[in-house]
Each structure stands twice: as C-alpha cells, then as structure tokens.
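Remarks on the structure that follows.
Because the structure is a prediction, the values reported are computed rather than measured. Chain letters run A, B, ... following the sequence lines, proteins first, then strands; residues in each count from 1. Heavy atoms only: backbone and side chains are in, while hydrogens, waters and symmetry mates are out.
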Number of protein chains: 2
Amino acid sequence: MSKYGIGEFANKVGLTTYTLRYYEKQNLIIPKRDENDRRYYDDEDVKWIGFILHLKGTGMLMSEIQEYVELRKQGDSTIDRRKQLLESVKKRSLAEINERKSHLNVLSHKIDWYDGKLSHKVDESFEEYLKRFR
Amino acid sequence: MSKYGIGEFANKVGLTTYTLRYYEKQNLIIPKRDENDRRYYDDEDVKWIGFILHLKGTGMLMSEIQEYVELRKQGDSTIDRRKQLLESVKKRSLAEINERKSHLNVLSHKIDWYDGKLSHKVDESFEEYLKRFR
DNA sequence: GTACTATTTAGAGTTAACTCTAAGTCAAGT
DNA sequence: ACTTGACTTAGAGTTAACTCTAAATAGTAC
C-alpha cells in the first residue's frame, strides 16, 4: 500500500492524469519513478497535493505556488519569505472576498427589486440606488 | 454634456477602449453612433456599464450576462427568468465565497505555524491537522 | 501470442476574457 | 497643406490553467 500509479492517484485526489502531468511540468509536484520510468505517488504526495489544492483554493496563482515550492526546496532559511508570501496571498484573498461581497450586495438588491419587495414606483430608481455603491 | 467618445467613456468607467469594443462585440453594451460612425456613450451607458461591472464582480460569466441582456431586450415578460438567473448566480457566488474562506482557514493556520504560534514539536503535524479539513 | 489497458512523451488545442496590431478615416490645429 | 490624435475595422496575439492527441511502450488476461 501507499504507492499509487498516476491514474489511481488522480482518482484519489480528484484530479485528472493530464492535470497531474501538467502540475509536474510546472514543478508543483514531482513523483518518483519505477524501473519502467512510470510515475508513482505515495501518501506524502497525497498530503502535498492536498495542501496545493488549498493554496489554489485561496486564489494563489500557479506562479506563486512555484515560488513557494522553490523556497521550500531551499530549506528553513526561507521560512520567513514563505510566510510573507502566504501572508500577501491571504491579504489579497480576503480583499477579493470583500469585493465580491459588495458586488453581491448590489445583485441581491436587484433580486429584491425584481421580487417586488422594493416598490417599482418609488422615487429612487435602481440606478439611483446603485450610485451609492460607487 | 452627457455624451462621451469611447476614450473619454473608457476613462470615466475605468475600462480600456479595447475592452469596451470587446464588450460591444459580445453584446453587453451597444453605444449609439454619430454622423461619422463613431461611438458615443451617455449617462445611461455609465449606469449600465456600472451594473455590468457589479455583475462581473460576483463572478457572473460573460455568457450569463449576455443571456441576461437578451432577456432584458425581450421586455417585462422575462422578469421572472432574469430573477432566477441572478438568484442562481448569487447562490453560486456565495458558495464560492464559503469555499474560499475554508481554504483561507488552512492558509491562515499554516501562517500561524510558521509564526511559531503553534509549536513545531507538537504531536500533531501540519499535515495531520490538514486531514481534518477533508 | 495477441488483445487490452495503463502508462509514456512532445506538442497542439481549448476556454474566458481580454489586449493589441495594422491599415485606414476624419477633424482640428498651425 | 500637413501633422497630430482620436477614432474605425478585422483579425491576431496573450494569459492562466488546463485538456487532449498521437504514437510508442510495457505489463496483464486469455
């Protein structure tokens, strides 16, 4: 157990084999090879790809993850820079969430307007309302 | 006043002229033309592009905005379908926010770990911790 | 030993949303 | 008249992140 061919691994982590080979080209995850030069992945790789997917889920770009991977390779002396990198991603990601929320507010208001929850004949039109968001 | 050439309008709304012509090709906004066939935009267009940018800000795809625009052209009989469309976008967008938040939790935890706020020698490794998120 | 299946590679194709280029038109300024 | 600058078009190029194709190889099933 704890050795997976690329197909099996792809199933396990919810990616396609295409994507895994692509990530490998991009240096995100480099599996070992067997006697026939075939890739195999282990449980460390499962954990690592899991973490990568969390990073991607925050909106971190592949190029940034590449940078993170390179720092990681250089050992503990880069911990501070790695932390800074993650902090800047975190900051940006939170800002994106807030921006999206504010756009969602406008969309929600429009839905309410369609719902008739807001009078269609009131003095303030939807467009007037929108102005307040700028 | 309240008539803008494409350059002026682009400045006003924070887009490039390229993007505006592209949006026009995609039927998102169709400005009027003067005697020389040059585009001009008015304050209605300012409001409309503002709304479009809110929609884009929620993660709504151009193809979905196109659909919305087509329904709008067909008049009040499509209000219900427009509302449904916006509701499905809203639902998806909220789900995306929540997913991103959960990824951000993991990233924050990693930052704390780097910070030494979490002991590096504790029984539970970062990888063990991560498992709980799956 | 032949078919089937999973792999391998390099490289081409896809998608969404722009972004830019080239060649031409037009009006205003000097 | 000529230059400058903003515009016009069709269509090509870019970016990020995949996604797929084709041809070859290697192990497994009958």
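The salt bridge (charged side-chain N to carboxylate O under 4.0 Å, His left out) contacts involving residues 23-32 of chain B comprise B:Glu24-B:Arg33, B:Glu24-B:Arg39, B:Lys32-B:Asp42, where partners must be two or more places apart or lie in separate chains. For residues 48-65 of chain A, the pairs satisfying salt bridge (charged side-chain N to carboxylate O under 4.0 Å, His left out) are A:Glu64-A:Arg92, with sequence neighbours left out. Within the structure, salt bridge (charged side-chain N to carboxylate O under 4.0 Å, His left out) contacts touching residues 8-22 of chain B (residues at least two apart or in different chains) do not occur. Residue pairs meeting the ring pair (Phe, Tyr, Trp, His ring centres under 6.0 Å) criterion with at least one member in residues 9-35 of chain B, sequence neighbours excluded: B:Phe9-B:Tyr41. Screening residues 78-106 of chain B for ring pair (Phe, Tyr, Trp, His ring centres under 6.0 Å) gives A:His54-B:His103 as the qualifying pairs, with residues at least two apart or on separate chains.
Contacts between residues 86-94 of chain A and DNA chain D, defined by a heavy-atom separation under 4.0 Å, are absent. For residues 16-33 of chain A, proximity to DNA chain D is found at A:Tyr18, A:Thr19, A:Tyr22, A:Tyr23, defined as any non-hydrogen atom under 4.0 angstrom from a strand atom.
Ion pair B:Glu96/A:Arg100 flagged as a salt bridge, since at least one NZ, NE, NH1 or NH2 atom sits closer than 4.0 Å to an Asp/Glu carboxylate oxygen. Of the charged side-chain nitrogens involved, none lies within less than 4.0 Å of a carboxylate oxygen, so that A:Lys73 and A:Glu70 do not count as a salt-bridged pair.
Counting only heavy atoms from C-beta on, B:Arg39 has its side chain closest to D:dT8 among D:dT8, C:dT8, C:dA17.
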Tabulate protein N/O versus nucleotide N/O from nucleotides 1-4 of chain D, keeping only pairs under 3.5 Å, one per line.
none

If you restrict it to nitrogen or oxygen atoms, what contacts under 3.5 Å exist between nucleotides 22-28 of chain D and the protein, and what is each distance?
residue : atom : partner : partner atom : Å
D:dG27  : OP1  : A:Asn36 : OD1          : 2.8
D:dG27  : OP1  : A:Asn36 : ND2          : 2.6

Show the distances under 3.5 angstrom between N or O atoms of the protein and N or O atoms of nucleotides 2-4 of chain C.
none

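Atom OH of B:Tyr41 is separated from atom C1' of D:dA6 by 14 Å (rounded to the nearest Å). Regarding A:Leu61, its CG atom lies at a distance of 14 Å from the C1' atom of D:dC18, rounded to whole Å. The CD-P distance, from B:Glu64 to C:dA16, rounds to 11 Å in whole Å. In this structure, B:Gln66 places its CD atom 15 Å from P of C:dT15, rounding to the nearest Å. Summarising the geometry, the separation between CE on B:Met62 and P on C:dC18 is reported as 6 Å, rounded to the nearest angstrom. Here C:dC18 presents its P atom at 10 Å from CD1 of B:Ile49, a figure rounded to the nearest Å. Rounded to whole Å, atom P of C:dA27 lies 16 Å from atom OH of B:Tyr40. If you measure from atom CD1 of A:Ile52 to atom P of D:dA17, you get 13 Å, rounded to the nearest angstrom.
For A:Asp34, the side chain to side chain contact (heavy atoms under 4.5 Å, CB included) partners are A:Asn36, A:Arg38, A:Tyr40, not counting sequence neighbours. For B:Ser63, the side chain to side chain contact (heavy atoms under 4.5 Å, CB included) partners at least two apart in sequence or on another chain are B:Leu61, B:Gln66.
Nearest heavy-atom pair across A:Thr16 and A:Ala10 is C-CB, 3.9 Å. When all heavy atoms of A:Val69 and A:Asn27 are compared, the pair lying nearest together is CG1-O, 3.5 Å. Nearest heavy atom pair, residue A:Val46 against residue A:Tyr4, reads CG2-CE1, 4.0 Å.
Distances shown here put a side-chain N or O of A:Lys56 below 4.0 Å from the OP1 or OP2 atom of D:dC18.
Residues A:Ile49 and A:Leu28 form no side-chain contact, since every pair of their non-hydrogen atoms from C-beta on lies 4.5 Å or further apart.
In this structure, B:Lys110 satisfies the cation-pi test against B:Tyr114, with its NZ or CZ atom closer than 6.0 Å to the six-membered ring centre and inside 45 degrees of the ring normal.
One finds the CD1 atom of A:Ile111 at 11.0 Å from the CD atom of B:Gln84 (value rounded to the nearest 0.5 Å).
A donor atom on one side chain and an acceptor atom on the other are not found under 3.5 Å apart for A:Lys90 and A:Thr58.
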